[in-house]
Chemist: 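Can you keep this structure in mind? I'll have questions shortly.
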Amino acid sequence: MKPFLFCITFMMVCSCKNSEKKVEETKKSSTDISAISAKEFTEFKVLDSKFIDNSKLWESFEKELSDFTEERYNALKPFVLEQDIPTLQQHIQDGKLTYENLTKFYLYRIRAFDRENDLSLNAVISLNPNVISEAKQKDVDFKNKMRKHPIFGMPILLKDNINAVDMPTTSGAVAFQNNNTNDAFIVERLKEQGALILGKANLSEWAYFFCGDCPSGYSAIGGQTLNPYGRKIMDTGGSSSGSGVAVAANFCVAAVGTETSGSILSPASQNSGVGLKPTIGLLSRSGIVPISSTLDTPGPMAKNVTDTAILLDAMLGFDDRDPKSVKRHLENTSYYENNFKVNELKGKRFGVFTTLLEDSLYVRAIEDLKYEGAIIIEIEPEKIELPDFLRLLNLDMKKDFPSYINTSGDSKLAVRSVEDVMAFNKKDSAATMPYGQSLFAGIVADSATDEEFESIKNTLKTNGKLFFDTPFNRENLNGILSINNYHAGFAAVAEYPAITVPMGYTDSGAPKGLTFIGRPWTEAFLLSWAYTYEQASKRRMAPEKYN
């Protein structure tokens with residue numbers, strides 16, 4: 001949700017001066033929410049976690065990792081680093097790799113690179129204590145021909161606002177440190193398809209709807225996640241920061257993030273990865289700590305489009321606990337089989353924003369698309385605002401947060417509302433909220449009638465759709481091209497899908513992504529366009545110090 005945070009941060013900080021002004025400022029419209037895609041933070045109030053004991057984190061693995069030597073790790077590097085899922089499965093088929101050794105390889109890298117050293121990234125917040133034994137069972141199941149889906153045996157990290165057994169779901173917050181839960185619906189689906197849940201990834205606390213002026217990638221539980229392409233000098237993007245960083249650093253095959261407004265697109269692009277924000281309703285949200293039941297969605301994050309499609313496919317399923325979950329777009333659908341065999345860019349019409357044509361990487365990406373046969377139409381951004389965007393999130397979270405606790409949270413949780421969390425944090429503010437909790441204060445201060453709330457939602461959705469549908473219809477476009485998460489706010493309220501793919505690096509080495517935005521339920525097209533562009537351009541490079 002990075003796109004709107006910079007536009008509201010000053011407003012929210014100032015609003016804390018008195019309660020009267022707080023209410024007044026909260027009710028102001030927040031527009032231009034996608035003007036800035038990222039921000040560099042060179043200094044942090046907090047770097048390392050005060051709540052993760054690294055020795056305890058690895059206690060349950062000491063015996064099982066004792067035979068996984070540096071020599072074995074180095075021998076496996078060519079078979080694992082930067083490889084896509086079909087290649088990994090082929091190596092296992094050929095006997096060059098096992099699911100057990102693949103899992104141990106990622107655990108070895110996490111232990112070597114993630115915490116308490118000069119290259120630490122603080123991307124992983126917890127580990128599944130049973131993952132090695134589960135990987136061993138996958139090797140047995142594979143011999144018994146039980147592999148049915150490409151995700152089978154693949155170690156996946158989950159953003160730590162997604163419920164999973166054997167690990168607490170903290171959302172990065174001390175108040176949720178012992179939130180032990182059942183699996184979220186999408187985690188059930190992953191396990192049914194044979195995926196291994198490797199652990200949980202750090203995130204911007206409460207999915208970045210908490211502190212306002214804090215750096216992305218910070219949480220009290222997980223510490224400050226750092227970008228492997230520019231440790232301590234480049235923004236990680238948020239709020240799925242740990243998921244984006246872990247994918248970039250080859251700590252997992254792929255990861256699951258969540259997005260409200262830019263929270264998958266931002267960290268994926270900032271860490272030279274692929275991230276898909278699907279149409280809201282394609283993937284279930286039940287069992288996920290919410291911001292907004294109107295806008296939230298999980299989505300896949302990976303190093304390449306192929307793995308993104310496979311992970312998306314593995315999470316599909318109708319969930320009657322989620323009122324936005326759909327059936328009609330799930331039947332006979334596979335997002336990876338036969339989807340990437342032909343050039344789907346040829347003859348397709350894409351709108352490009354004239355306001356972005358000063359970006360040389362964007363211009364180069366457009367030329368790559370033209371070479372593949374795409375038709376490029378220059379468009380001016382529609383002069384449309386998103387009034388009361390912040391209020392939508394305030395009003396949704398005020399009701400959605402207690403609902404999550406009551407239906408999906410640990411019954412022993414001492415906090416039951418946003419107000420309870422704020423009171424909890426004040427008991428030890430230096431440890432629990434070093435950057436304050438101004439956005440939570442805005443939630444508490446805001447209120448609306450049911451009619452006013454419906455009006456806010458309807459206006460935002462109408463405006464978001466107009467922003468895209470006007471050029472879509474006028475120019476008969478198949479898709480619209482953006483950069484990073486620059487237009488994520490409009491895609492969020494319109495509930496339209498988007499995918500970002502690496503398009504290169506700035507002169508300072510910062511990654512950037514080309515973002516395809518489509519109409520609802522066009523994920524198959526988005527993936528095929530992104531795949532053709534990815535294969536034609538091959539812009540992704542692994543971070544140098546983590547090879």
Chemist: Between Arg540 (side chain only) and Ser272 (backbone N and O only), is there a donor and an acceptor less than 3.5 Å apart?
Modeler: yes
Chemist: Taking the side chain as C-beta and beyond, is there a heavy-atom pair between Tyr336 and Pro150 under 4.5 Å?
Modeler: yes
Chemist: For residues Gln89 and Tyr99, is any side-chain donor paired with an opposing acceptor at under 3.5 Å?
Modeler: yes
Chemist: Take Asp322 and Arg285, measure what salt bridge (Lys or Arg N to Asp or Glu O under 4.0 Å) needs, and give me the verdict at the end.
Modeler: CA-CA 6 Å; Asp322 181 352; Arg285 292 94 51 82; 2.6 Å; yes
Chemist: Taking the six-membered ring for Trp, is the centroid-to-centroid distance between His487 and Phe467 below 6.0 Å?
Modeler: yes
Chemist: Set out, in order, the CA-CA distance, both residues' side-chain angles and the distance that settles salt bridge (Lys or Arg N to Asp or Glu O under 4.0 Å) for Lys191 and Glu188, then state yes or no.
Modeler: CA-CA 5 Å; Lys191 289 181 177 180; Glu188 291 175 352; over 6 Å; no
Chemist: Checking side chain to side chain contact (heavy atoms under 4.5 Å, CB included) against Leu198, which of Val124, Leu158, Leu107, Ile156 comes through?
Modeler: Leu107
Chemist: Taking the side chain as C-beta and beyond, is there a heavy-atom pair between Arg321 and Ser284 under 4.5 Å?
Modeler: no
Chemist: Under 4.5 Å between any side-chain heavy atoms of Asn202 and Ser241, yes or no?
Modeler: no
Chemist: Contact between Tyr335 and Leu526 at the side-chain level, heavy atoms closer than 4.5 Å - yes or no?
Modeler: no
Chemist: Regarding Thr515 and Thr500, is there a side-chain donor-to-acceptor distance under 3.5 Å anywhere?
Modeler: yes
Chemist: So do the side chains of His149 and Asp313 get within less than 4.5 Å of each other, counting heavy atoms only?
Modeler: yes
Chemist: Determine whether a donor-acceptor pair (N or O, by modelled atom type, separation under 3.5 Å) exists between the side chain of Glu205 and the backbone of Phe210.
Modeler: no
Chemist: Under the side chain to side chain donor-acceptor pair (under 3.5 Å) rule, what do Glu378 and Thr354 come out as? Steps first, then yes or no, please.
Modeler: CA-CA 6 Å; Glu378 293 187 7; Thr354 55; over 6 Å; no
Chemist: For atom NZ of Lys346, decide whether the heavy atoms of other residues, nucleotides or ligands shown that lie under 6.0 angstrom number more than 12.
Modeler: no
Chemist: Kindly indicate, with the supporting measurements, whether the criterion side chain to side chain donor-acceptor pair (under 3.5 Å) is fulfilled by Gln93 and Arg147.
Modeler: CA-CA 11 Å; Gln93 183 76 41; Arg147 185 177 76 189; 3.3 Å; yes
Chemist: Is the backbone of Thr294 close enough, under 3.5 Å, to the side chain of Lys324 for a donor and an acceptor to pair up by distance?
Modeler: yes
Chemist: Between Phe152 and Phe142, does the ring centroid distance fall short of 6.0 Å?
Modeler: no
Chemist: Are Tyr106 and Phe251, when compared by the centres of their aromatic rings, separated by less than 6.0 Å?
Modeler: no
Chemist: For atom OH of Tyr108, is the number of surrounding heavy atoms from other residues, nucleotides or ligands below 6.0 Å larger than 12?
Modeler: yes
Chemist: So, for Tyr229 and Gly509, which heavy atoms are closest and what is the spacing to 0.1 Å?
Modeler: CB-O, 4.4 Å
Chemist: Does the pair Met503 and Asp359 meet the rule for a side chain to side chain contact (heavy atoms under 4.5 Å, CB included), with working shown?
Modeler: CA-CA 11 Å; Met503 69 173 183; Asp359 189 302; 4.3 Å; yes
Chemist: For the residue pair Ser408 / Asn163, report whether a side-chain donor-acceptor contact shorter than 3.5 Å exists.
Modeler: no
Chemist: Can you confirm whether the side chains of Thr279 and Glu495 place a donor and an acceptor under 3.5 Å from each other?
Modeler: no
Chemist: Would you please test Asp114 and Arg109 for salt bridge (Lys or Arg N to Asp or Glu O under 4.0 Å) and show each step?
Modeler: CA-CA 8 Å; Asp114 199 45; Arg109 283 183 64 80; over 6 Å; no
Chemist: The test is side chain to side chain contact (heavy atoms under 4.5 Å, CB included); show your working for Ile125 and Ser219 and say whether it passes.
Modeler: CA-CA 10 Å; Ile125 207 168; Ser219 77; 4.2 Å; yes
Chemist: Any side-chain to backbone donor/acceptor pair from Asn227 onto Asp235? Under 3.5 Å, distance only.
Modeler: yes
Chemist: What I'd like to find out is whether the side chain of Tyr533 reaches to under 4.5 Å of the side chain of Leu369, using heavy atoms alone.
Modeler: yes
Chemist: For the residue pair Lys159 / Ser240, report whether a side-chain donor-acceptor contact shorter than 3.5 Å exists.
Modeler: yes
Chemist: Between Val289 and Thr169, is a side chain to side chain contact (heavy atoms under 4.5 Å, CB included) present by the stated rule, with each step listed?
Modeler: CA-CA 8 Å; Val289 182; Thr169 300; 4.0 Å; yes
Chemist: For Arg189, give me all partners under salt bridge (charged side-chain N to carboxylate O under 4.0 Å, His left out), at least two apart in sequence or on another chain.
Modeler: Glu192
Chemist: Residues in ring-ring contact (aromatic ring centres under 6.0 Å, His included) with Phe185, at least two apart?
Modeler: none
Chemist: Does the Asp160 side chain pair with the main chain of Thr170, one donor and one acceptor, at a distance under 3.5 Å?
Modeler: yes
Chemist: Go through the side-chain N and O atoms of Glu134 and Asn128 and say whether any donor and acceptor fall under 3.5 Å apart.
Modeler: yes
Chemist: Side chains of Asp296 and Thr260: do they bring a donor and an acceptor to under 3.5 Å?
Modeler: yes
Chemist: Measure the shortest side-chain to side-chain distance between Tyr496 and Pro520 over non-hydrogen atoms and say whether it is less than 4.5 angstrom.
Modeler: yes
Chemist: Without hydrogens or angle criteria, can the side chains of Asn161 and Thr258 be said to hold a donor-acceptor pair below 3.5 Å?
Modeler: yes
Chemist: Does the side chain of Ile264 reach to within under 4.5 Å of the side chain of Thr297, using non-hydrogen atoms?
Modeler: no
Chemist: Classify the ring geometry of Trp529 against Phe525: parallel below 30°, tilted from 30° to 60°, perpendicular beyond 60°.
Modeler: parallel
Chemist: Might you work through the side chain to side chain contact (heavy atoms under 4.5 Å, CB included) test for Leu76 and Asn101, ending with a clear yes or no?
Modeler: CA-CA 8 Å; Leu76 290 177; Asn101 278 335; 3.9 Å; yes
Chemist: Given the rule in the side chain to side chain donor-acceptor pair (under 3.5 Å) test, do Ser292 and Asp396 qualify, once you have shown the distances and angles that lead to the verdict?
Modeler: CA-CA 5 Å; Ser292 167; Asp396 257 346; 2.6 Å; yes
Chemist: Verify, without hydrogens or angle tests, whether Thr522 (side chain) and Arg519 (backbone) share a donor-acceptor contact under 3.5 angstrom.
Modeler: yes
Chemist: Any chance NZ of Lys457 has more than 12 other-residue heavy atoms, nucleotides or ligands included, within less than 6.0 Å?
Modeler: yes
Chemist: Has the side chain of Tyr218 got a donor or acceptor atom that lies under 3.5 Å from a matching backbone atom of Leu203?
Modeler: no
Chemist: Output, in order, the C-alpha distance, side-chain angles, deciding distance and verdict of side chain to side chain donor-acceptor pair (under 3.5 Å) for Asn122 and Thr225.
Modeler: CA-CA 5 Å; Asn122 299 334; Thr225 300; over 6 Å; no
